[in-house]
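Both counts, for ligands and for their atoms, begin at 1 and track the order of listing.
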Amino acid sequence: MSRDSQSDPDLHRSRRQRLLNVLGPGVLLLPTAREAARNGDVHHEYRPGSDFHYVTGFPEPQSVLVAWRIDSQSHHAILFVRERDPERETWDGPRYGVRGVTKAFGVDEGRAIGDLWRDLAELAPLDGRLFHTLGHDSDFDQKLMMAFARSRARQRRTLLPSHPIFEDPAPALAGQRLVKDAVELSAMRRAAELTGQGHIAAMRATRPGMYEYESQAHLESAFRCGGSPRNGYPSIVASGPNACVLHYHDNDRRMRAGDLLLIDAGAEFLGCTADVTRTFPVSGRFTPAQAAVYRVVLRAQAAGIRACKAGAPWDSAHKACHRSLTGGLVGLGVLKGNVAKLVKAAAFKPWYMHGTSHWLGRDVHDVGGYQSLDGVADPMLVGSVLTVEPGLYFTKRDTRVPKELRGIGVRIEDDILVTKRGPEVLTAGAPKSIAEIERLMKRQ
Ligand code: GLY
Ligand code: MN
């Protein structure tokens with residue numbers, strides 16, 4: 001069966017129950033991700049929708065969950081899925097079908113996806129609440145509205161609205177997914193571990209003269225061979241000047257002695273991803289200028305990680321990194337003046353233009369809010385995971401910085417679990433001190 005098949009009926013039932021308890025009376029309508037065409041007869045690799053998979057464990061495309069709460073301990077869940085089809089299964093592999101899903105995934109009913117629109121109009125009364133996020137899939141939304149319009153036309157009751165009250169379940173889902181449960185945490189730990197192994201493999205294999213995609217092959221081979229079916233996002237393998245392109249994806253430059261190589265990559269494991277960046281010298285030893293920049297970023301990252309404390313505003317790491325990087329930029333001769341005033345003026349911005357942290361989980365930029373409606377930063381919660389990823393980027397043509405720094409881009413990123421006892425670095429297996437990296441890369 002599919003790599004995304006997670007048959008754990010009790011787990012998914014309890015996640016659904018928690019969600020429905022927060023949502024209250026009404027019907028939840030949650031489709032999985034759509035398949036995407038790539039080119040003639042070929043689709044992009046399929047990955048189920050993160051929210052859908054979180055509450056069902058069901059791997060197949062063209063599936064929709066419809067569920068409602070009965071009381072605080074029970075609910076009714078129906079999975080609308082593709083029917084068995086021996087001819088299609090010869091091409092695409094076996095399907096669970098409407099009977100298979102009840103046993104394997106612990107839902108109360110399986111029904112044919114072709115009956116969704118007809119059945120939904122009966123399951124979700126026009127004068128009730130429907131929990132569905134509009135705007136993700138206009139085709140789905142249009143079919144949804146037409147189903148209710150048909151139902152309204154059939155019923156001919158003057159006081160009946162033409163559709164239920166729509167409520168967005170996304171905030172409730174995000175709140176629940178932000179704090180990882182034990183199963184997710186163990187998946188996050190394994191994703192982090194495999195990601196560390198991949199970075200080590202890339203460090204060991206990289207040599208001047210290799211192409212970036214060759215280092216990528218070593219990195220991702222370690223992910224796959226360790227049991228990660230896919231990356232959490234496309235790997236960024238950026239050597240020399242490419243390290244200054246934040247989301248570089250070409251990965252096709254030939255690396256030279258004296259280059260740094262920045263790799264930002266994460267293995268996915270049981271639906272959860274890591275997100276780690278390491279920057280190391282292609283020939284195994286940092287030049288003095290590279291080492292100077294690297295130390296500034298590493299120090300800033302340590303300050304950022306220390307700031308990841310339960311209850312602190314989520315952007316505490318960002319602020320700590322700003323202070324530390326600014327002091328570092330003064331030390332490197334890039335900025336001059338009073339550090340506090342430079343921080344206030346965001347003088348670091350030309351060389352540090354991105355945020356320091358994002359939530360991490362099933363999505364690399366995971367669900368979870370960052371601030372309240374009136375703009376107050378949300379607190380870090382015990383059990384949430386966020387990245388700390390400061391960097392400095394000095395492009396080749398940047399005449400504002402000393403010559404020896406031009407062309408150097410460094411980012412260092414780890415994944416931090418917020419615990420009662422302080423920050424826990426899940427990705428500590430990936431070496432990051434200069435001494436550790438140089439030792440690992442020492443040529444035989
Ligand atoms: N790892 C890519 C990013 O955080 O944007
Ligand atoms: Mn990141």
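The pair R207-E214 does not count as a salt bridge, with every side-chain nitrogen at least 4.0 angstrom from each carboxylate oxygen. Ion pairing between a basic and an acidic side chain is recognised when a charged N comes within 4.0 Å of a carboxylate O; K432 and D414 show such pairing. With respect to D264 and R278, no salt bridge is recorded, no charged nitrogen being found less than 4.0 Å from a carboxylate O. Ion pairing of R254 with D259 is absent here, as no side-chain N (NZ or NE/NH1/NH2) approaches a carboxylate O to less than 4.0 Å.
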Contacts table for ligand 1: protein N or O within a distance under 3.5 Å of ligand N or O, distances only.
from, atom 1, to, atom 2, distance (Å)
ligand 1, 1 (N), D264, OD1, 2.9
ligand 1, 1 (N), D264, OD2, 3.1
ligand 1, 1 (N), D275, OD1, 2.9
ligand 1, 1 (N), D275, OD2, 3.3
ligand 1, 4 (O), D275, OD2, 3.2
ligand 1, 4 (O), H358, NE2, 2.9
ligand 1, 4 (O), H365, NE2, 3.0
ligand 1, 5 (O), H247, NE2, 2.8
ligand 1, 5 (O), H365, NE2, 2.8

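Screening F394, F286, Y294 for a side-chain contact (heavy atoms from CB on, under 4.5 Å) involving V410 leaves a single residue, Y294.
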Which pairs of donor and acceptor atoms, one on a side chain in residues 338-349, lie under 3.5 Å apart (sequence neighbours left out)?
from, atom 1, to, atom 2, distance (Å)
N338, OD1, A340, N, 3.0
N338, OD1, K341, N, 2.8

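Counting non-hydrogen atoms of other residues, nucleotides and ligands closer than 6.0 Å to CZ of R230 gives a total above 12.
With sequence neighbours left out, the side chain to side chain donor-acceptor pair (under 3.5 Å) criterion links S324 to no other residue.
Below the 2.8 Å limit, the Mn ion (ligand 2) has as protein N, O or S neighbours D275 OD2, H358 NE2, E389 OE2, E413 OE2.
The distance between the ring centers of H218 and Y213 does not fall below 6.0 angstrom.
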